[in-house]
Amino acid sequence: MPIPLSALPCTTLVNSTPQRALRSIAHTARAAKALPFSLHRTCPGSDHEAKVLRMVMFGKPGSGKGTLSSRLVKKYDVLSLSTGDLLRQHIAERTTVGQQAEAIVAQGGLVPDEVMLQVVAGKLDALRNRHWILDGFPRTLNQGKLLDTHLQAQNTPLSLVVNLDVADEVILSRISDRWVHLPSGRIYNMSYNRPKVDGLDDETGEPLAKRPDDNPEVFAHRLKQFHGSTSPLISYYASKPKSARMVTLHGKTSDEIWPKLEAVVRSSFPNLRERAVARRQHSLSDTFMTGEDAWVG
């Protein structure tokens, strides 16, 4: 019995046949009879919108969100939007939202979800056709629903939700070995991502430091907060199969998870471009490899 389109899951083809070949297959009379669905079906929304990366990433404290986001932004034409930076910018520029937030923070209060949404939405609305990753928002179920409602109203819905699944004991070991260059945020790990010179940043030569919260007691507290606030948010996105694609990536290190994340992004957003520097480095690597192969041969 033919399967109705509404019952089909939203899928992505990895290393798929080129679009021209797919069109030629789909338009033959024999294929039309044999296939109960269209080969061109995509996720809900227009074809153009479906190809724009609008991404949020979740994971326990120390799971590698910052490292993986930085790699994605460094290699591809993707903007990273930090809600903390956006809020500080609003406060510095004395905008209406910034003044509201500053008054609340000055009294030791938490900025309401609705105010944070205004901070974020003002930037996102200007990036309709740009690829972006949103960092630091949403963090709670209510924030997720507020963001979804706004983006849907703008016809710019989230297109990818990534959940990093790293075991607690792995993270605890990782943060114990972690050192940070505080001015830039560059992170090193003495187990698998050591600096060239122990204790010094690779690019500036400045000393590295330990984060005050990189200890078992603080980690246990932050982990409890994560499960209380973010876990319901992950369940919320997982229960909405017709909206953004959601993937869970497993691994012990960022190096292990990175190829999986890159494969998901490249297969889901084929029009995402590499930055010129990344393309040039890749081209040089190919040149050296070709030369080495020729020499060995």
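Predicted, not measured: the structure shown is a model, and the values here were computed from it.
- The minimum heavy-atom distance linking G62 with I175 is given by the pair CA-CG2, 4.3 Å.
- The environment of H227 atom NE2 is dense: over 12 non-hydrogen atoms of other residues, nucleotides or ligands sit within 6.0 angstrom.
- Across L87 and A101, no two heavy atoms sit closer than the pair CD1-CB, 3.5 Å.
- Residue Y237 holds its OH atom at 9.0 Å from CG of L141, rounded to the nearest 0.5 Å.
- Side-chain contact between F269 and L160 is present, with heavy atoms from C-beta onward closer than 4.5 Å.
- Annotation: salt bridge (charged side-chain N to carboxylate O under 4.0 Å, His left out) contacts involving residues 227-241, sequence neighbours excluded, comprise D148-K240.
- For Q89, the side chain to side chain donor-acceptor pair (under 3.5 Å) partners are E93, not counting sequence neighbours.
- With sequence neighbours excluded, no residue satisfies salt bridge (charged side-chain N to carboxylate O under 4.0 Å, His left out) with R211.
- Between the side chains of D125 and H150, at least one donor N or O sits under 3.5 Å from an acceptor N or O.
- In the hydrophobic clustering of ILVMFWY residues, with side-chain heavy atoms under 4.5 Å counting as a link, F58 and V170 come out apart.
- Sorted by first then second residue, the side-chain hydrogen bond (donor to acceptor under 3.5 Å, both in side chains) pairs that include residues 252-261, not counting sequence neighbours, are R71-D255.
- Proximity of a side-chain donor or acceptor of S231 to a complementary backbone N or O of G228 within less than 3.5 Å is not detected.
- Atom CD of Q152 sits about 8.5 Å away from atom CG of L158, to the nearest 0.5 Å.
- Closest approach of P138 to L147, counting heavy atoms only: CD-CD2, 3.7 Å.
- We find the CG-NE2 distance between D165 and H250 to be 5.0 Å, quoted to the nearest 0.5 Å.
- Shown here are the side chain to side chain donor-acceptor pair (under 3.5 Å) partners of D201, two or more places apart in sequence or in another chain: R186, Y188, T204.
- Remark: K123 engages no residue in a salt bridge (charged side-chain N to carboxylate O under 4.0 Å, His left out) (not counting sequence neighbours).
- Side-chain N or O atoms of S159 include one that pairs as donor or acceptor with a backbone N or O of V52 at under 3.5 Å.
- For the side chain to side chain donor-acceptor pair (under 3.5 Å) test, no residue two or more places apart in sequence or in another chain qualifies with S173.
- Considering every non-hydrogen atom in both F226 and P61, the closest pair reads CB-CD, 4.2 Å.
- Remark: the backbone N or O of Y76 is paired with a side-chain donor or acceptor of R275 at under 3.5 angstrom.
- Criterion: ILVMFWY side-chain heavy atoms under 4.5 Å apart, direct or through other members. Under it, W132 and F137 are part of a common hydrophobic cluster.
- For the pair T83/V119, no side-chain contact is recorded, criterion being any heavy-atom separation below 4.5 Å from C-beta on.
- Partners of K210 according to the salt bridge (charged side-chain N to carboxylate O under 4.0 Å, His left out) rule, which considers only residues two or more places apart in sequence or in another chain, do not exist here.
- Under the side chain to side chain donor-acceptor pair (under 3.5 Å) criterion, N215 pairs with no residue, sequence neighbours left out.
- By the salt bridge (charged side-chain N to carboxylate O under 4.0 Å, His left out) test, E206 is found to be paired with no residue, residues two or more places apart in sequence or in another chain being considered.
- Neither V265 nor V161 shares a network with the other; the hydrophobic side chains, linked directly or stepwise wherever heavy atoms of I, L, V, M, F, W or Y lie under 4.5 Å apart, form separate groups for each.
- Taken together through direct or relayed side-chain contacts under 4.5 Å among Ile, Leu, Val, Met, Phe, Trp and Tyr, V162 and I234 form parts of separate hydrophobic clusters.
- No donor-acceptor pair closer than 3.5 Å links the side chain of D177 to the backbone N or O of N189.
- K65 and G59 get closest at one heavy-atom pair: NZ-O, 3.1 Å.
- Linking ILVMFWY residues whenever their side-chain heavy atoms come closer than 4.5 Å, directly or via other members, leaves L53 and V120 in distinct clusters.
- Applying the side-chain hydrogen bond (donor to acceptor under 3.5 Å, both in side chains) test to every pair with at least one member in residues 96-112, sequence neighbours left out, gives these pairs: R94-E102.
- When all heavy atoms of R245 and S268 are compared, the pair lying nearest together is NH1-OG, 2.5 Å.
- In this model, no donor atom of one side chain and acceptor atom of the other lie less than 3.5 Å apart for R54 and T156.
- With contacts defined as side-chain heavy-atom distances shorter than 4.5 Å, the pair M57/L164 qualifies.
- The list of salt bridge (charged side-chain N to carboxylate O under 4.0 Å, His left out) pairs with a residue in residues 135-147, not counting sequence neighbours, is empty.
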